[in-house]
Amino acid sequence: MKEGIHPEYREVAFLDQQTGNTFITRSTLNSRETTEIDGVTYPLFKCDVTSESHPFYTGAQTRIVETGRVEKFRQRFARTAGTRKSGS
């Protein structure tokens, strides 16, 4: 590789602001903020959403969809419940 044309590839700490979890991975990200983990100082990047807090990965999205289906069923049932004919 040529010297001086590539960004520095190093370990960076990512903070999920919704859950408070921090994980370390390698990145070329530049950050003004730093954090110390186990005596080592890492550049810090604050994430709004990660796989630990995103509804698709946590399963919260499916609960919302299921709730919507149940509500639709109840609305349909409520409309037909009063129109029942008394049979023999």
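For residues 25-34, the salt bridge (Lys or Arg N to Asp or Glu O under 4.0 Å) pairs, not counting sequence neighbours, are E33-K46.
With a 4.5 Å cut-off on side-chain heavy atoms, I24 and I37 count as touching. Two residues are said to be in side-chain contact when any heavy atoms from C-beta on lie closer than 4.5 Å; L29 and V12 meet this criterion. When side chains are defined from C-beta on, V49 counts as touching Q18, because their heavy atoms get closer than 4.5 Å.
Nearest heavy atom pair, residue S31 against residue R10, reads N-NH2, 4.3 Å.
Evaluation of the ring pair (Phe, Tyr, Trp, His ring centres under 6.0 Å) rule for F14 yields F23, F45 as partners, not counting sequence neighbours.
T28 places no side-chain N or O within 3.5 Å of a backbone atom of E8 that could act as its donor or acceptor partner.
Rounded to the nearest 0.5 angstrom, T22 OG1 and Q17 CD are separated by 10.5 Å.
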When you look at T41 and T35, which way does the side-chain contact (heavy atoms from CB on, under 4.5 Å) test go after all the steps?
CA-CA 6 Å; T41 302; T35 186; over 6 Å; no
